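Here is the structure we will look at.
Heavy atoms only: backbone and side chains are in, while hydrogens, waters and symmetry mates are out. The structure presented is a predicted model; accordingly, all values stated were derived computationally and were not measured.
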Amino acid sequence: MILVTGGTGFIGSHACVELINAGFDVVVVDNLVNSHEKSLDRVQQITGKRPLFFNVDVCDEKALDDVFSQCSIDSVIHFAGLKAVGESVQKPLEYFSNNLDASMVLCKVMRKHNVKNLVFSSSATVYSGDNTMPLTEQSKTGNCTNPYGWTKYMGEQIFKALCVADSDLSIVLLRYFNPVGAHESGLIGEDPQGIPNNLMPYVSQVAIGRRDHLTVFGDDYDTPDGTGVRDYIHVVDLAQAHVLAVRYAQNHKGCEVFNIGTGKGSSVLDIVHAYEKACGKKIPYVIGPRRAGDLATVYADTKKANEILGFKAKYDLERMCADSWRWQSMNPKGFE
């Protein structure tokens with residue numbers, strides 16, 4: 001049985017689908033602070049099975065302990081956490097407190113119940129801004145540009161230290177690049193609360209008419225069209241990487257790090273034009289000033305995940321935008 005913390009969220013709900021399709025029994029804990037339980041109804045529509053759900057904050061040790069006591073859990077995927085980069089700058093205490101407490105409480109409860117396998121939702125934000133591209137797992141980390149990135153970096157340090165202390169532990173750290181898209185059914189997708197922090201949900205809300213226009217932050221970078229380049233990965237590809245990571249954790253000891261991306265970059269305007277093709281309408285945008293801390297180009301070297309996990313991203317930018325638009329057009333107000 002796999003415990004998925006934060007399993008009602010964007011990536012978590014897609015991971016639940018792929019885990020169930022792969023034959024796993026899934027238990028979800030989530031406090032629904034930035035997600036909807038309705039996503040699990042949609043998971044059931046897609047797979048025919050509804051994950052067992054507990055409305056629990058991972059920071060609540062007693063409540064989490066009760067979940068482990070009731071369920072026969074052998075592996076954990078840890079998504080739960082606050083995740084808005086901009087908000088983390090405004091609320092650093094909340095981010096450090098919530099995200100680090102959640103990881104430490106989870107590990108304490110896992111130790112009590114002798115659960116040894118963990119997959120951690122980390123991020124490319126752990127990499128320093130002064131690396132050459134592409135980023136490998138050996139690229140420099142630290143010098144994070146925001147508290148959210150530091151919580152992922154510090155989370156990784158906690159998990160690495162635990163593996164040194166307990167040689168029976170198996171922890172896989174997945175450093176995601178930029179997850180986008182939605183399930184091909186259009187039943188689950190990204191449903192940010194308030195103003196979206198990420199590019200594609202913002203573009204999709206412009207396309208559906210919820211927002212007037214997109215602001216592109218800078219068009220004078222040293223990139224083919226002057227706009228920032230990032231490694232976008234389809235959320236279903238990312239979810240499938242978690243199935244591979246769980247299987248790896250169940251068969252290997254120690255701590256291992258993997259980049260999860262496509263290995264190539266797309267610019268902001270590449271996204272805009274691909275989305276226009278997907279939705280059949282123009283996406284109005286204006287050029288604004290650069291944002292502090294933004295890099296020109298960030299993309300992954302995915303060789304290690306390809307060779308060790310057997311992971312290779314299947315879906316291209318056109319498919320990411322088509323699936324995102326299907327979700328947005330079928331659910332103009334998200335799960336509401």
Phe335 and Trp327 aromatic ring geometry - parallel, tilted or perpendicular at 30°/60° bounds: tilted
Look at the side chain of Ser128 and the backbone N and O of Thr141, then say whether any donor-acceptor pair between them is shorter than 3.5 Å. yes
Donor-acceptor pair between Thr8 and Ser35 side chains, under 3.5 angstrom: yes
Check against side chain to side chain donor-acceptor pair (under 3.5 Å), Gln250 and Ser170: CA-CA 7 Å; Gln250 290 175 340; Ser170 178; over 6 Å; no
Carboxylate-amine/guanidinium proximity below 4.0 Å for Asp25 and Lys49: yes
Backbone N/O of Ser139 and side chain of Asn131: donor-acceptor pair under 3.5 Å: no
With a 4.5 Å limit on heavy-atom distance, are the side chains of Tyr95 and Gln90 in contact? no
So, taking the atom named SG in Cys59 and the one named CG in Leu100, what distance separates them when rounded to the nearest 0.5 Å? 9.5 Å
Assess, by modelled atom type and distance only, whether the side chains of Tyr285 and Asp219 contain a donor and an acceptor separated by less than 3.5 Å. no
Should Ile11 and Ser121 count as side-chain neighbours, where that means a heavy-atom distance under 4.5 Å? no
Separation between CE (Met320) and OG (Ser266), nearest 0.5 Å, reads 6.5 Å
Side-chain donor/acceptor of Asp237 to backbone N/O of Ile233, under 3.5 Å: no
Within the 4.5 Å heavy-atom criterion, are Tyr176 and Leu174 side-chain neighbours or not? yes
On a heavy-atom basis, the closest approach of Val33 and Asp30 is N-OD1, 4.4 Å
List the steps and the verdict of side chain to side chain donor-acceptor pair (under 3.5 Å) for Asp323 and His183. CA-CA 7 Å; Asp323 287 344; His183 192 268; over 6 Å; no
Would Arg175 and Phe258 count as a cation-pi pair here, with the cationic atom under 6.0 angstrom from the ring centre and within 45° of the axis? no
For the pair Asp294 and Arg291, find out whether any cationic side-chain nitrogen is under 4.0 Å from an anionic carboxylate oxygen. yes
Is it true that Glu256 and Lys304 make a salt bridge, defined as a side-chain N closer than 4.0 Å to a carboxylate O? yes
Hey, are the side chains of Ile2 and Val246 touching, using non-hydrogen atoms and a 4.5 Å cut-off? yes
Is it the case that one hydrophobic cluster holds both Leu187 and Leu40, taking links as side-chain heavy atoms less than 4.5 Å apart, direct or via other members? yes
Using the side chain to side chain contact (heavy atoms under 4.5 Å, CB included) rule, take Asn34 and Lys83 through it: C-alpha gap first, then chi angles, then the decisive distance, then the call. CA-CA 10 Å; Asn34 194 30; Lys83 63 172 191 174; 4.1 Å; yes
Would you indicate whether the side-chain heavy atoms of Gln44 and Ile20 approach each other to under 4.5 Å? no
Closest approach of Pro332 to Arg210 (non-hydrogen atoms, all atoms of both residues): O-NH1, 2.9 Å
Heavy atoms, side chains only, cut-off 4.5 Å: are Leu118 and Val172 in contact? no
Which atom pair, heavy atoms only, marks the closest approach of Val58 to Val105? O-CG1, 3.2 Å
Do the side-chain N and O atoms of Asp65 and His113 include a donor-acceptor pair separated by under 3.5 angstrom? yes
When rounded to the nearest 0.5 angstrom, what is the spacing between OH in Tyr127 and CG in Leu295? 14.0 Å
Donor-acceptor pair, distance only, cut-off 3.5 Å: does the side chain of Gln193 make one with the backbone of Asp191? yes
Single-linkage hydrophobic cluster, 4.5 Å side-chain cutoff, Val26 and Met1 together: no
Taking only Lys NZ, Arg NE, NH1 and NH2, and the carboxylate oxygens of Asp or Glu, determine whether Lys116 and Asp74 approach each other closer than 4.0 Å. no
What's the shortest heavy-atom distance between Cys255 and Cys163, and which atoms? CB-SG, 3.6 Å
In terms of relative ring orientation, are Phe159 and His78 parallel, tilted or perpendicular, with 30° and 60° separating the classes? perpendicular
Test side chain to side chain donor-acceptor pair (under 3.5 Å) applied to Tyr299 and Asn259, step by step: CA-CA 10 Å; Tyr299 65 101; Asn259 285 338; over 6 Å; no
Measuring from Lys303:NZ to Glu137:CD, what's the distance to the nearest 0.5 Å? 11.0 Å
Pair Ser267-Asp225, side-chain donor/acceptor within less than 3.5 Å: yes
If you measure from the Lys or Arg side-chain nitrogens to the Asp or Glu carboxylate oxygens, is any gap between Arg290 and Asp220 under 4.0 Å? yes
Side-chain ion pair, Glu184 and Arg326, N-O less than 4.0 Å: no
Side chain to side chain contact (heavy atoms under 4.5 Å, CB included) between Phe177 and Arg230, worked out: CA-CA 8 Å; Phe177 280 68; Arg230 297 292 180 268; over 6 Å; no
Would you call Lys264 and Asp231 a salt bridge, using N to O less than 4.0 angstrom? no
What do the steps show when you test Phe79 against His14 for ring pair (Phe, Tyr, Trp, His ring centres under 6.0 Å), and what is the final call? CA-CA 12 Å; Phe79 293 110; His14 287 81; over 10 Å; no
Mind checking whether Val4 and Val67 sit in one hydrophobic cluster, side chains of I, L, V, M, F, W, Y counted as touching below 4.5 Å? no
Between Glu318 and Lys277, is there a side-chain N and carboxylate O pair less than 4.0 Å apart? yes
Met104 CE to Leu162 CG distance, which is reported to the nearest 0.5 Å: 10.0 Å
Sub-4.5 Å side-chain heavy-atom contact between Tyr153 and Thr151: no
For Leu64 and Leu106: C-alpha separation, side-chain torsions, deciding distance, then whether side chain to side chain contact (heavy atoms under 4.5 Å, CB included) applies. CA-CA 8 Å; Leu64 191 63; Leu106 176 62; 4.0 Å; yes
As an exercise, state the distance from CG of Leu93 to CG of Asn98, rounded to the nearest 0.5 Å. 11.0 Å
Test item: Ser324 side-chain N/O and Cys321 main-chain N/O as donor-acceptor pair under 3.5 Å: no
Is the backbone of Leu32 close enough, under 3.5 Å, to the side chain of Glu37 for a donor and an acceptor to pair up by distance? no
Are side-chain heavy atoms of Thr262 and Tyr315 found at a separation under 4.5 Å? no
Working note: Val243 + Phe24, criterion side chain to side chain contact (heavy atoms under 4.5 Å, CB included); need CA distance, chi angles, decisive distance, verdict. CA-CA 9 Å; Val243 176; Phe24 291 101; 4.1 Å; yes
Is it the case that the side chain of Glu276 and the backbone of Ile283 share a donor-acceptor pair, with hydrogens and angles ignored and the cut-off at 3.5 Å? yes
Treating His36 as the side-chain partner and Lys38 as the backbone partner, does any N or O pair qualify as donor plus acceptor under 3.5 Å? no
If you compare all heavy atoms of Cys71 against all heavy atoms of Leu52, which two are closest, and at what distance to 0.1 Å? SG-CD2, 3.8 Å
For Trp325, does its backbone N or O pair with a side-chain atom of Tyr275 as donor and acceptor, under 3.5 Å? yes
Under 3.5 Å, is there a donor on one side chain and an acceptor on the other for Asn331 and Arg42? yes
Within the distance-only criterion (no hydrogens, no angle test), does the side chain of Asn146 pair as donor or acceptor with the backbone N or O of Tyr148 below 3.5 angstrom? yes
